[in-house]
Amino acid sequence: MLDRRFVVENAELVEQNCQRRGAHADVRAFVELESRRKTQQFEVDELNRKANAVSKSIGKTKDPQEREARKEEGRALREATTAAQAELDAIVAESETILRVIPNMSHPEAPVGADDKANLELRRGKHEPPTFEGKPLDHVELGERLDLIDFEAGAKVAGHGFYFLKNDAVLLEFALQRYALDLLLSEGFTPTITPDLARNEILQGTGYIPRGPETQIYSIAETDLSLVATAEITLGGLYSGEILDTAKLPIKLCGISHCYRTEAGAGGRAARGLYRVHQFTKVEMFAYTLPDDSEAMLDYFCELECRLFDGLGIAYRVVDTATGDLGGPAYRKFDLEAWMPGRGESGEYGEVTSTSNCTDYQARRLGIRYRTGEKGTAFVHTLNGTAIAVSRALIAVLENYQQADGSVVVPDVLRAWVGKERIVPAGA
RNA sequence: GGACGGGUGGCCGAGUGGUCUAAGGCGGCGGUCUUGAAAACCGCUGUACGGGAAACCGUACCGGGGGUUCGAAUCCCUCCCCGUCCGCCA
């Protein structure tokens, strides 16, 4: 969330930003509540001060009658304090309801627009989309013919949106993970495998809403736990409530987790197959930085994503996400969209990675700070980025590397782990 | 899952109802001494909100939440976490 004082002092900017991002937050009501909060806080402090003074004097009073009189005075003051505090709590709760839906500010260069149609293409990868004789198959068909993905069995066992990976798809899953992991290791990231569940408090801190009609999150009944939608959640929670050693920043983490998403309201042809599923594996990048370093870190994350997909030999474009499509915590977001030959009528770009600079928006809620040179602390900046989201990377690999004979060539960089150059139909 | 013991500042650790304004130590910062350093000695050293030009002052915070009391780190309830033992288990 944003800093309360910042919102009050920049109400017009914040309001304008809400409009650009399609967020409905009553900024004016918040400003009004903040001024009431200040007054009320002062009132509570004063009452506490008086009550404390009375309590202290009782300890020193010898005369029993005098003591009783003071106690009575103390009781009255505490009663008044309780009432004033209750009013303050109500004001805080009301203002927080508004503050929670105010999104992060936006980078001045982020394209302004209501949705992904306003996204701005920044550049393309090294490789051109492949050409095919005849219409290429999509990954669902390839997966079926090569006995790699069983959607029917997934649906039977767990419902629509689940799948079994089989045979060489399992090797591809591990190969993709290992490919990403090796790059991040060589770049000095600390590798982690994170919990697949997290407390709702941590989800909220990172900007995810665990319950409610439009939630993307699966929650575990009768607990305060949810399945994570990304390791961004657990990696953000990793240092919650801590003051980080400034000398150790930036901290670069790589987190491998399963990701679970309800995908409420999704559907249609674009969501066919592995593109929009309830569970997938993801290798995630995460960083904690000093405020001045976060923009460079975002570029670095984006560059790593480009290197991964250039290395896979897959065509992609880099997109600067429009304000209306940013989500709550992001200040700026770059997506990589890989060429998927089986998507749409004659191939389309589909999102395979996403990297965001969340500035101090998550850190403030999670309470992650560093010591400034002078006295005091400030909030760090947090960034996240996809290294490999296996399900979507798998679509890109299968569809781009399909051959006229029905086989799929394994990209060079994955061969060491898959152990073969080509995936062929059973019995071929 | 059960029983018992714990959770106190950046770290360690004392504190079982009233000068707690949280002892003491370590670490850190500043100073004295020194050619320099170490040692020794002296001083300073938590976070947030509010007031103030500033010095400073007020309030809250001793794992989270709630309660008892004029007054809670301290007593009660509850949840979380850590340790030990038992049970179960890949």
Side-chain angles (χ1 to χ4, degrees), chain A residues 1-9 30-96 98-99 193-205 210 219-226 233-234 237-249 251 258 288 290 360-380:
Chain A
M1 57 189 170
L2 292 178
D3 178 43
R4 306 183 95 96
R5 205 179 316 168
F6 177 87
V7 176
V8 170
E9 287 168 5
F30 177 83
V31 171
E32 162 68 19
L33 282 164
E34 270 300 278
S35 118
R36 276 176 60 201
R37 185 177 72 87
K38 266 179 142 176
T39 317
Q40 190 64 21
Q41 181 72 61
F42 189 77
E43 181 103 347
V44 170
D45 285 357
E46 271 303 292
L47 284 165
N48 264 322
R49 189 181 59 76
K50 286 180 191 159
N52 286 344
V54 170
S55 291
K56 245 172 223 175
S57 76
I58 293 173
K60 294 175 193 157
T61 305
K62 298 281 185 298
D63 178 55
Q65 258 195 335
E66 176 70 17
R67 277 177 81 100
E68 283 314 309
R70 290 279 173 87
K71 278 192 190 180
E72 190 45 55
E73 192 186 345
R75 260 193 288 275
L77 277 167
R78 294 291 171 187
E79 236 169 78
T81 308
T82 307
Q85 181 70 50
E87 198 180 327
L88 176 62
D89 290 347
I91 293 168
V92 170
E94 202 181 329
S95 70
E96 242 178 37
I98 299 172
L99 190 59
I193 294 175
T194 87
D196 284 351
L197 276 70
R199 293 183 201 284
N200 290 333
E201 170 197 331
I202 300 292
L203 268 82
Q204 277 156 355
S219 53
I220 310 292
E222 300 181 32
T223 72
D224 69 338
L225 292 169
S226 295
I233 292 166
T234 41
L238 179 61
Y239 290 119
S240 63
E242 296 192 23
I243 300 173
L244 301 178
D245 183 351
T246 308
K248 288 189 181 139
L249 294 174
I251 294 170
H258 288 119
Y288 296 91
L290 293 173
D360 60 1
Y361 192 88
Q362 291 176 322
R364 182 169 294 105
R365 189 83 158 271
L366 290 165
I368 307 171
R369 294 168 295 169
Y370 68 96
R371 288 187 193 288
T372 52
E374 314 97 55
K375 269 184 95 125
T377 62
F379 294 107
V380 299

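The chains referred to below are lettered A, B, ... by the order of the sequence lines, with proteins before strands, and numbering in each begins at 1. Every heavy atom of this structure was used, including side-chain atoms; hydrogens, water molecules and symmetry mates were not.
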task: Measure the distance from CD on A/Glu34 to P on B/C49 and round it to the nearest whole Å.
output: 11 Å

message: Could you work out, with side-chain hydrogen bond (donor to acceptor under 3.5 Å, both in side chains) as the rule, every residue matching A/Arg199, not counting sequence neighbours?
response: none

query: Distance between the C1' atoms of B/A22 and B/G46, in whole angstroms?
result: 12 Å

- request: Determine, stepwise, if the pair A/Asn200 / A/Ser226 fulfils side chain to side chain donor-acceptor pair (under 3.5 Å).
  value: CA-CA 6 Å; A/Asn200 290 333; A/Ser226 295; 2.6 Å; yes

query: Applying a 3.5 Å limit to both distances, which nucleotide forms a Watson-Crick or G-U wobble pair with B/G36?
result: none

query: If the P atom of B/G43 is compared with that of B/G24, how far apart are they to the nearest Å?
result: 11 Å

Nearest-angstrom distance from the residue atom CG of A/Leu99 to P of B/C49: 13 Å

- prompt: Rounding to the closest angstrom, what is the interatomic distance between B/A39 and B/G27 at atom P?
  reply: 8 Å

Length of the CZ-P vector between A/Arg371 and B/C29, whole Å: 13 Å

By side-chain hydrogen bond (donor to acceptor under 3.5 Å, both in side chains) - contacts of A/Asp196 (at least two apart): A/His258

- request: Not counting sequence neighbours, which residues clear side-chain hydrogen bond (donor to acceptor under 3.5 Å, both in side chains) with A/Ser57? List them please.
  value: A/Arg70

P atoms of B/U21 and B/C85, separation to the nearest Å: 40 Å

- prompt: Partner of B/U68 by Watson-Crick or G-U wobble geometry, both contacts under 3.5 Å, or none?
  reply: none

field: Qualifying residues under side-chain hydrogen bond (donor to acceptor under 3.5 Å, both in side chains), relative to A/Glu46, sequence neighbours excluded
entry: A/Arg49

message: At under 4.0 Å between heavy atoms, how does the protein contact nucleotides 56-61 of chain B? Give one character per nucleotide, 5' to 3', with B, S or -.
response: --BSS-

- request: Grab the CD-P distance between A/Glu201 and B/C80 for me, whole Å please.
  value: 13 Å

query: With both distances under 3.5 Å as the test, what is the Watson-Crick or G-U wobble partner of B/C61?
result: B/G46

task: Pick the P atom in B/G6 and in B/C56, then give their distance to the nearest Å.
output: 40 Å

- prompt: How close or far is atom P of B/U69 from atom CZ of A/Arg75, stated in whole angstroms?
  reply: 9 Å

statement: To the nearest angstrom, the CD-P distance between A/Glu242 and B/G63 comes to 17 Å

Sub-4.5 Å side-chain heavy-atom contact between A/Leu238 and A/Tyr288: yes

- request: Tell me whether the OP1 or OP2 atom of B/G50 has a side-chain N or O from A/Arg5 closer than 4.0 Å.
  value: yes

- request: Could you work out the separation of B/G28 and B/G9 based on their C1' atoms and round it to a whole Å?
  value: 14 Å

- prompt: When you match A/Val54 and A/Ser57 each to their closest nucleotide on RNA chain B, which lands nearer the 5' end?
  reply: A/Ser57

message: As an exercise, state the distance from NZ of A/Lys38 to CZ of A/Arg5, rounded to the nearest 0.5 Å.
response: 7.5 Å

message: Whole angstroms only, please: what is the CG-P distance between A/Leu88 and B/A48?
response: 19 Å

message: Quick one, A/Asp89 with A/Gln85, criterion side chain to side chain donor-acceptor pair (under 3.5 Å). Give me CA distance, side-chain angles, the key distance, then yes/no.
response: CA-CA 6 Å; A/Asp89 290 347; A/Gln85 181 70 50; 3.0 Å; yes

- prompt: What is the base-pairing partner of B/A14, counting Watson-Crick and G-U wobble geometry with both distances under 3.5 Å?
  reply: none

field: Nearest-angstrom distance, C1' atom, B/G13 to B/G1
entry: 34 Å

message: Starting the side chain at C-beta, find the nucleotide from B/C70, B/G50, B/G10 nearest to A/Lys38.
response: B/G50

- request: Using Watson-Crick or G-U wobble geometry with both distances below 3.5 Å, tell me the partner of B/C41, or none.
  value: B/G31

task: Could you measure between the two P atoms, the one in B/C11 and the one in B/C89, and give it in whole Å?
output: 40 Å

- request: Please give the nucleotide sitting opposite B/C85 as a Watson-Crick or G-U wobble pair, both distances under 3.5 Å, or none.
  value: B/G2

- prompt: Between B/A48 and A/Thr377, is there an OP1 or OP2 to side-chain N/O distance shorter than 4.0 Å?
  reply: yes

message: For a quick check of understanding: with a heavy-atom distance under 4.0 Å over all strands, which category does A/Arg199 fall into, base, sugar-phosphate or nothing?
response: sugar-phosphate

statement: Picking from B/C70, B/A48, B/G50, the nucleotide nearest the side-chain atoms of A/Phe42 would be B/G50

task: Specify the separation, in whole Å, of atom CD of A/Glu79 and atom C1' of B/U69.
output: 13 Å

- request: Quick one: look up who B/A53 pairs with, Watson-Crick or G-U, both distances under 3.5 Å, and put none if it's unpaired.
  value: none

message: So, using salt bridge (charged side-chain N to carboxylate O under 4.0 Å, His left out) as the criterion, who are the partners of A/Arg369 when residues are at least two apart?
response: none

